[in-house]
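What follows is a single structure, written as C-alpha cells, with notes after it.
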Amino acid sequence: MQIILSLIGISWKMQREYRANFWMEMVFNGLMMASDFFLLYFVMRAFPIIGGWSIGEIALLFSIMEVGYGAYRIFGEGVHRFEELLLTGRFDGLMVRPMGLIPQLLLQKVDWKRMGNIFEGFAVGAFGLSQIPDWDISFLGLYVVLIIASIIINFLINLILAAVAFWTIKNSDLTVLAFYATRTAASYPASIYPSVIRYLLTFVIPLATVGYYPMAFHFGKTDSLIALFAPWFAICGLIPVCLGIWKLGIRRYASTGT
Amino acid sequence: MYALALSMMAFRRNKAYFFNHAINTVGSFFFGYIYAMIWKAILQDDSEANRMVTYVLVNQSILWVTMFLPSGCFLPKKVREGSIAFDMIRPYSLMAGSIFEVFGHALYNFLFRSVPIFLLGVLFLGVQLPLPLNAVFFAICAFHAFLISFFLNYFVGLWAIRFLSHIGAHTFYLFLINLLGGSYVPAEYYPGFLRYAMPYLPFAATIYLPAQVYLGLESPGRAMIIQGFWILVLGLLAWVMTKKLIRRIEIQGG
C-alpha cells in the first residue's frame, strides 16, 4: 500500500516539474475533448434530434464515455504505452518484482493531467442534466453506476488490446482502430449506425453497452431490461477473455532484449 | 539536392511500418465514417446528405497532410536528444530543413493515408468526385493548407526550443484545429460571430477552405487569397522567431 502511494506521489511530483506545461495540458486536454461536443451542439441548434436522441440525452451519453475514458487514462498510461515496455525490454523488470503485473502496469505513471478529461466529462454531463426536463435522485444513481461500469469496461478492453502486443509487439495502431475509433462511435447514439456497426459495438467491442443501451432504456426508447443491465453482461463477458489472453500472452512472452 | 534527400529520408522512415499504418488508416477512415453517419442521420434528404458525407471524408483525408503533421515538426525530439545542435551548423537554415523533412512525411501520408481514406469513402460511402477544374484548384489549396499547417506546427516546435516541453502547446494547437478547422461542421452551423470569422482564420484555411473549393462552394481565388495572406504572415513570423530563438538556445543532453 505504501509503495502504491509513493509511486502515485512520484508521478505527481514528476509532472509538476514543468508547471506551465502541466496546467496547459490539463486544461487543453479537457477542452480538446469538449470541442467534439461543442461542434455537435452547434449542429444540434439547427437539428434538435439525431437518431431519436436530444442534445441533453446525447450529452449524458457523451459524459459517461468521457469520464470512463479519463479515469482509464489517469492510471492507464502503462497499458496505453504497453508496446514501448515490450520493445525496450523494460517489461522484464516488471516480471521479477514482488507485485502483480497489472497493478504495476497501472502505476507505471499516474497521468494527473487527465483530470482535465474528467472535469470536462462531468461538465458535459451537468449540461445534459440541465437540458433534461425531469430527473430525480434515482437517475443520478444510475448515472454514477454507469460511470463506474464505463471505467471498468474501458480498462478491460484496453488490457485486452495491450495483451495483443505479446503476439504482434506493436499494437498502438490496432488500438486506434479497435478502441479510439469505437470509443468515439459509442459517444453518439448507436441508432445512427447500420446494424453491422451496432453489433460490433455491442458484441465485439462492447462500448455501446456502456451508455447507449442503459440510457435508451431510461429514456424510454426501449423497454428491454437487458438494455438496462447491458454493461454488466459486457463486463462478465470481458473478464474471462482478459484474464485468458494475459495468461496465454505471458506464457508466450519471450523478452525482446535490448 | 539537400531538400530532396531530406524529404526522401522522412518518406522511407515511414515505409518501414507499412502494415501498422494500414490498420491505422482504416481506423482513421472509421472516424470519418462516424461523422458521415451523424450527417446522414440528420439530413435524410439524399443530395444534401451526400454533399456533407463528401465534405467530411475529403476533410478526413486532408487531415493527414495538415492537422496530423509530426508534432512540432520533429523539433521537440531534436531538442530532447540534443541533435538540434547539428541542425544549427548545417548549410541550410533550421526552418528550410524542417519544411522539407516534414514535406517528405506529408508526401508519405498523402499517398498511403489520404488517398486510401478517400478511396474507401468513394467505395463505401458514395463520396462525390470533384469537377476536373475544382480538383486542380483543390490540389493547389491543399498544398497551401500543408504550408499553413507546417507553420502552425513549427510554432509548437519553437515553443519546445524555448520552454523544453511542448505537449501543452501541441494540445492547444489540436484544440484550435479541432474546434475551428471545420473538419466535420462547416462554417454555416457555427454560432454568432464565429460563423463569419471562422473561414478567415488560419485554422479553417487548412481544412474548411480546401474542402469548400473541392465542393465548388467557395471561389478558388478568394480561398487562395486568404491562404496566401496566412502563409505570408505566419511564414514571416516563423522566420523572425527562429532568428531570435537560435541566439538563446540551450542545448541539453546529447
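Not measured: the values here are computed from a predicted model. Order of the sequence lines sets the chain letters (A, B, ...), proteins ahead of strands, with each chain counted from 1.
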Whether over 12 other heavy atoms sit under 6.0 Å from Tyr199(A) OH: no
Segment of His166(B) engaging chain A (4.5 angstrom heavy-atom cut-off): backbone
Contact leader toward chain A among Asn178(B), Val185(B), Leu180(B), where contacts are heavy-atom pairs under 4.5 Å: Asn178(B)
Heavy-atom contact with chain B under 4.5 Å, split by part of Leu31(A): both
Distance, nearest 0.5 Å, that separates CZ of Phe163(B) from CE of Met24(A): 9.0 Å
Interface residue of largest heavy-atom contact number with chain A, from Ala41(B), Gly27(B), Pro191(B), under 4.5 Å: Pro191(B)
Per-residue contact mode, Tyr41(A) against chain B (heavy atom under 4.5 angstrom): neither
Interchain contact, Asp36(A) with chain B, by part (heavy-atom threshold 4.5 Å): both
Over 12 non-hydrogen atoms of neighbours within 6.0 angstrom of NZ in Lys77(B): no
Engaged part of Ala46(A) at the chain B interface, taking heavy atoms whose separation is under 4.5 Å: side chain
CZ on Phe175(B) to CZ on Phe38(A), rounded to 0.5 Å: 6.5 Å
Closest-packed option against chain B by number of heavy-atom pairs under 4.5 Å, given Ala34(A), Pro194(A), Ser35(A), Pro189(A): Ser35(A)
Residues in residues 29-39 of chain B that sit under 4.5 Å from chain A, counting heavy atoms only: Phe30(B), Phe31(B), Tyr33(B), Ile34(B), Tyr35(B), Met37(B), Ile38(B), Trp39(B)
Spacing of CD belonging to Glu83(A) relative to CG belonging to Asn20(B), to within rounding of 0.5 Å: 7.5 Å
Residue of the set Leu176(B), Thr171(B), Leu174(B) for which side chain to side chain contact (heavy atoms under 4.5 Å, CB included) holds with Phe28(A): Thr171(B)
Heavy-atom pairs under 4.5 Å with chain B, option from Asp173(A), Thr184(A), Leu177(A) with the top count: Asp173(A)
Ala22(B) versus chain A, the contacting section by heavy-atom distance below 4.5 Å: neither
Heavy-atom neighbours of Tyr189(B) OH exceed 12 at 6.0 Å: yes
Interchain contact, Ile49(A) with chain B, by part (heavy-atom threshold 4.5 Å): neither
Proximity of Phe42(A) and Tyr190(B) rings by center, below 6.0 Å: yes
Residue pair Tyr184(B) / Leu40(A): nearest heavy atoms and the distance that separates them: OH-N, 4.0 Å
